[in-house]
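Read the structure below first, then the notes.
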Amino acid sequence: MIPEDILERAYQGTTTKEDALTLLKIKPFELFALADQIRAENVGDNVTYIINRNINFTDICIGTCGFCAFKDKKGYLLSIDQIKEKIKEAHVSGATEVCIQGGLLPNADIDLYIDILRAVKSEYPHLHTHCFSPMEINHAARASGLSVEETLKKLKDNGLNTMPGTAAEILVDKVRKIICPDKLTRQEWIDTVTLAHNIGIQTTATMMYGHVDTWEDRIDHILTIREIQKETGGFSEFVPLSFMPYNNPIGEKMLEEGRFMNTGIDDLKVYAIARILLNTHINNIQTSWVKLGKKLAQMALSCGANDMGGTLMEESISRSAGASSGEVISVEELEWIIRATERTPVQRDTLYRSI
């Protein structure tokens with residue numbers, strides 16, 4: 001049984017770290033039921049999705065992240081004309097959003113990122129640009145001799161609508177020193193997204209878990225996201241991302257030690273704990289059919305999640321690390337998966353407005 005005081009704080013949106021650790025000790029399906037009930041009361045029975053396209057414009061990267069299986073596999077850099085062709089395909093498919101990210105090109109300054117934004121907006125000004133991680137923003141700022149704030153403002157002026165809250169991994173520095181020692185620090189990530197929110201650029205928030213992190217690290221990460229949201233209100237969603245251990249150094253070490261991918265129960269616990277900790281703060285919890293597979297992503301809709309993410313059209317990063325659920329999913333299949341849970345599918349835009 002869940003203690004009454006913990007239940008009370010869960011519904012009030014004041015769940016503590018100690019509460020979360022206690023909830024992890026109860027039977028999983030009691031935890032899932034609580035998260036599902038909070039989800040129902042908070043956002044109702046609609047399950048949202050977006051028609052979008054991923055464009056990873058380069059796999060060339062000076063980064064040293066130990067979890068990456070994408071970097072330098074082909075050594076490609078899309079030309080602006082190639083990017084425009086992919087944007088055209090997204091438009092023809094009915095996409096409302098293009099999500100554009102890439103590796104950290106040596107000496108890539110802000111002009112590259114501005115050129116990419118203009119490639120979208122010059123011909124398809126209605127397409128929402130969801131582009132460039134906080135790491136890319138910091139990289140462009142350094143290469144251009146600009147502050148992060150100046151960089152964000154210039155990108156916004158040239159068509160940046162929102163930012164993906166990737167590069168967060170786990171917002172605990174002792175973990176980051178192991179998995180991505182040369183990446184921006186916990187505080188730099190916080191400062192970058194806070195600046196973005198304060199100048200009117202909303203972001204998502206992500207968490208990549210299941211490598212060298214502990215449950216305490218995951219809870220600390222989610223509580224960090226909650227504190228930022230209380231200050232800025234700038235997160236549109238929270239997206240847990242289950243670590244894929246194939247074709248990367250961190251994963252290879254795990255597999256050698258007999259530690260395999262996250263179990264399905266652990267994945268679902270992450271969604272449930274996230275829903276409970278973020279209750280009243282962030283409404284939307286997105287499940288990743290790419291990371292979890294379609295069937296487990298469907299189960300996550302009964303464990304706190306209320307969004308199925310996007311159609312994607314092209315997904316390279318997870319696939320290179322061992323994801324096997326494909327690069328694209330049709331609207332028809334997404335809606336079929338959602339209806340099977342006795343929930344209502346609703347197409348949305350990037351900011352969760354119904355279409």
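Position 1 is the first residue of the sequence; numbering continues from there. Source: prediction; values computed, not measured.
Taken from CD1 in Ile337 to OH in Tyr49, the straight-line distance is 12.0 Å, to the nearest 0.5 Å. Rounding to the nearest 0.5 Å gives a distance of 9.0 Å between CZ of Phe57 and CG of Leu78. In this structure, Asn248 CG and Cys68 SG are separated by 8.0 Å, a value rounded to the nearest 0.5 Å. Here the CG-CG distance, from Asn306 to Asn284, works out to 5.0 Å after rounding to the nearest 0.5 Å. Taking CZ of Phe243 as the start and CG of Asp267 as the end, the distance is 13.0 Å to the nearest 0.5 Å. Atom NZ of residue Lys174 and atom CG of residue Asp220 lie 8.0 Å apart, to the nearest 0.5 angstrom.
No continuous path of ILVMFWY side-chain contacts below 4.5 Å connects Val47 to Ile355, so the two sit in separate hydrophobic clusters. In the hydrophobic cluster analysis, where Ile, Leu, Val, Met, Phe, Trp and Tyr join through side-chain heavy atoms closer than 4.5 angstrom, Tyr352 is grouped apart from Leu278.
Shown here for Ile250 and Ile178, the closest heavy-atom pair between the two residues is CD1-O, 4.1 Å. Of all the heavy atoms in His139 and Leu105, the pair that sits closest is NE2-O, 2.7 Å. The two residues Tyr271 and Thr287 come nearest to each other via the heavy atoms OH-CA, 3.3 Å. Taking both residues in full, the closest heavy atoms of Leu127 and Glu97 are given as CD2-N, 4.0 Å, listed atom of the first, atom of the second, then distance. When every heavy atom of Leu351 is checked against every heavy atom of Asp349, the shortest pair comes out as N-OD1, 3.0 Å. Heavy-atom minimum distance, His221 versus Ala168: CE1-CB, 3.9 Å.
In this structure, Arg186 is not positioned above the aromatic face of Trp189 in the sense of NZ or CZ being under 6.0 Å from the six-membered ring centre and within 45° of the axis.
Applying the side-chain contact (heavy atoms from CB on, under 4.5 Å) test between Arg275 and each of Ile282, Val270, Asn42 identifies Asn42 as the sole match.
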Test side chain to side chain donor-acceptor pair (under 3.5 Å) on Asn279 and Arg39 and set out the steps.
-> CA-CA 8 Å; Asn279 185 31; Arg39 181 274 310 157; over 6 Å; no
List the steps and the verdict of salt bridge (Lys or Arg N to Asp or Glu O under 4.0 Å) for Lys230 and Glu227.
-> CA-CA 5 Å; Lys230 285 163 70 173; Glu227 288 306 305; 3.2 Å; yes
Test side chain to side chain donor-acceptor pair (under 3.5 Å) on Thr16 and Asp19 and set out the steps.
-> CA-CA 5 Å; Thr16 66; Asp19 292 342; 3.2 Å; yes
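If you check the side chains of Asp191 and Gln187, you find a donor sitting under 3.5 Å from an acceptor.
Within a 6.0 Å radius of NZ in Lys17, other residues, nucleotides and ligands contribute more than 12 heavy atoms. Atom CD of Glu4 is surrounded by 12 or fewer heavy atoms from other residues, nucleotides or ligands within 6.0 Å. Residue Asn107 qualifies as open at atom CG: its count of foreign heavy atoms under 6.0 Å is 12 or below. Glu41 CD: more than 12 foreign heavy atoms inside a 6.0 Å radius.
A 4.5 Å side-chain heavy-atom check between Thr96 and His126 finds every atom pair outside the cut-off. The side-chain heavy atoms of Gln101 and Thr166, taken from C-beta on, include a pair separated by under 4.5 Å. The side-chain heavy atoms of Tyr124 and Lys88, taken from C-beta on, include a pair separated by under 4.5 Å. Contact annotation: the side chain of Glu169 never approaches that of Thr206 to less than 4.5 Å [non-hydrogen atoms, C-beta and beyond]. For the pair Leu23 and Leu34, the minimum side-chain heavy-atom distance is below 4.5 Å. Between Thr185 and Asp173 there is a side-chain heavy-atom pair separated by less than 4.5 Å. Annotation: side chain of Phe238 is not in contact with side chain of Leu277 (no heavy-atom distance under 4.5 Å). Looking only at side-chain heavy atoms (C-beta outward), Leu160 and Tyr113 stay at 4.5 Å or farther from each other.
A salt bridge links Arg53 and Glu89; the closest N-O separation between the charged side-chain nitrogens and carboxylate oxygens is under 4.0 Å. A salt bridge does not link Glu150 with Lys154: none of the charged nitrogens is closer than 4.0 Å to a carboxylate oxygen.
Sorted by first and then second residue, the salt bridge (Lys or Arg N to Asp or Glu O under 4.0 Å) pairs with a member in residues 135-149 read Glu149-Lys153; sequence neighbours excluded.
Remark: side-chain polar atoms of Thr162 are not paired, donor with acceptor, to backbone N or O of Ile201 under 3.5 angstrom.
Using the six-membered ring where Trp is involved, His130 and His128 have ring planes that are tilted, between 30° and 60° apart.
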